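Below: the structure, in structure tokens.
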Number of protein chains: 2
Amino acid sequence: MASASYRRRQCFAGPLLAEPEWRVLDRSEIDWLNAIVMCRAYAPGQCIFHEGDACQGLYIICEGLVALRKHDGAGASVLIRLAETGDILGYRSLLAEEPYQTTAEVLKPSRVGFVATTIVHELIARKPDLAFAFLRRVCHDLGEAQERFHLTVTQSLRARVAYFLLLMKEDYGTETPDGSLLIELPISRRDMAEMIGVRSESLSRTIRQMTDDGILAFSGHRAWIGNTDRLLDELGPHVERHPMT
Amino acid sequence: MASASYRRRQCFAGPLLAEPEWRVLDRSEIDWLNAIVMCRAYAPGQCIFHEGDACQGLYIICEGLVALRKHDGAGASVLIRLAETGDILGYRSLLAEEPYQTTAEVLKPSRVGFVATTIVHELIARKPDLAFAFLRRVCHDLGEAQERFHLTVTQSLRARVAYFLLLMKEDYGTETPDGSLLIELPISRRDMAEMIGVRSESLSRTIRQMTDDGILAFSGHRAWIGNTDRLLDELGPHVERHPMT
DNA sequence: GAATATCCTTGACCGAGATCAAGGTGCCGG
DNA sequence: CCGGCACCTTGATCTCGGTCAAGGATATTC
């Protein structure tokens, strides 16, 4: 429950500075940000912001894991994006000058910094490269969102599971000694279903089928994939084989 | 078949200058662009660029209608976006520095201008406001794409048709003398189905049902909606009632 | 204006995935 | 060790939308 007292109050430090957005800043600007930016701890289940809220600034995940969800009134929701250490939240709303369209729910104990809108604008005005960095990121995200729509509409659930695992491989996959692939999923089965856009019961069934077919093995949040090619075969014809270029 | 010879060779003129991106430019920059930018005519069916192509610059629709599609190998495709007079094509790829993810297919005879990547970068460097204009646009688009995903996953076909018509109302809707709403859809039934992410047969059936229920009337590309509230009722609970803010 | 291709609608059928309902299974606090 | 709880899996059933196939309607061409 975020029991630790964080000695380091500086958000902008360590590997976080390697993020494309902050890399364009120089030392003095980093120091300035560290002096201004508030950083606080969140426990799992807490929300950083809610769908419909007015956007006041940017959030930076110094450490942790956060889910961006969209809810509909009937209780169903969809997981739009996972954000982990180093990721930024709220830039879409800030730069579109619109209210939040998603709710940011903390999944693992997190430290999150807040940068007010005015600061962001000031930084961008001072560093044109920052605008480019954001542009590149948002455009890339847009491409992913379109790809996701395409996939959801044209591909079977099974193909989408395969695709999802290949995506997660990028961030959470490791090679095991015996040459197979291990993916340590950071999320529950339900959240996984929400990312794929499917009911969790259906996801369970699909995973079982794929297990029976010897394509993968699951244990809790751990997935083993013996042969990546067999996963790729699940994708429909001519679907981009290298998601997340 | 684009038989007309276009006397005006200048792309950047008239209402097109009111677009948020070009509004930030001053007279000399507009003149400069008009001197450089190539403008050519396309006939329906022609493609401006193809999925997978490297991006060389930006396209501006001086006049016409263009569809951005994603294809999968099996012949199925999805219509990602409609672009009409004044709209810009290819900015996602250009700014993300990625190949095109969609194919731009001309639907109605169009005149389209081309601005090379280097020119765009030069302009942005000169006018930081241009970067902001693009940022706002892309972020807004991203929001729409996420909303669309959410909708597709959680709502029934019928609700999605209702939502689609409310979207189209913004651009193509007019009030008729008798107080009902007339929407002149610029696209075929098939394209409409591709935008909603559904087979055209299913769309036909859904339209028929809604017609039988007295919610709307269709004739060719013309849709009448007697009572907008009844369309809104079709949307699931708590779905954003004002799409395209 | 007949020929022809394309688009749209309708019908019959089917199947993937949703829904409803009931167990498992693991986890935490007592 | 046991009870409670959240998460996951499985089963049975249903239904929405996809698929296949056949007609109509509408353009387009000659």
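Since the structure is predicted, the reported quantities are computational estimates derived from the model, not experimental observations. So that the names make sense, note that chain A is the first sequence line, chain B the second, and so on, each numbered from 1.
A/E144 and A/H140 are linked by a side-chain donor-acceptor pair at a separation below 3.5 angstrom, with hydrogens and angles left out of the test.
Legend: residues meeting side-chain hydrogen bond (donor to acceptor under 3.5 Å, both in side chains) with B/K169, ordered by chain and number and at least two apart, are absent. Legend: residues meeting side-chain hydrogen bond (donor to acceptor under 3.5 Å, both in side chains) with A/T176, ordered by chain and number and at least two apart, are A/D178, A/S180. Looking at residues two or more places apart in sequence or on another chain, you find a side-chain hydrogen bond (donor to acceptor under 3.5 Å, both in side chains) between B/Y91 and B/D141.
Atom CD in B/Q209 sits about 13 Å away from atom C1' in C/dT10, given to the nearest Å. Counting to the nearest Å, the P atom of D/dC16 and the CD atom of B/E234 are 13 Å from each other. Summarising the geometry, the separation between CD1 on A/I196 and P on C/dA18 is reported as 11 Å, rounded to the nearest angstrom. The interatomic distance linking B/R199 (CZ) with C/dG15 (C1') rounds to 15 Å, in whole Å. Spacing between atom CD of A/Q155 and atom C1' of C/dG17 amounts to 16 Å, rounded to whole angstrom units.
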*Could you run through nucleotides 6-12 of chain D and give me one letter per nucleotide, 5' to 3': B if any protein heavy atom sits under 4.0 Å from the base, S if only the sugar-phosphate is that close, - if neither?*
--SBBBB
Report, one line per pair, each donor and acceptor closer than 3.5 Å where one atom sits in a side chain of residues 50-62 of chain A; sequence neighbours left out.
residue : atom : partner : partner atom : Å
A/E51   : OE1  : A/H71   : N            : 3.1
A/D53   : OD2  : A/H50   : N            : 3.0

Tell me which donor-acceptor pairs under 3.5 Å the side chains of residues 212-229 of chain A have, and how far apart each pair is, sequence neighbours excluded?
residue : atom : partner : partner atom : Å
A/D212  : OD1  : A/R208  : NH1          : 3.2
A/D213  : OD2  : A/R158  : NH1          : 3.0
A/D213  : OD2  : A/R158  : NH2          : 2.7
A/H221  : NE2  : A/I187  : O            : 3.4
A/R222  : NE   : A/E184  : OE1          : 3.3
A/N227  : OD1  : A/D229  : N            : 3.0

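Contact annotation for A/T206: no contact, since no heavy-atom pair falls under 4.0 Å across all strands.
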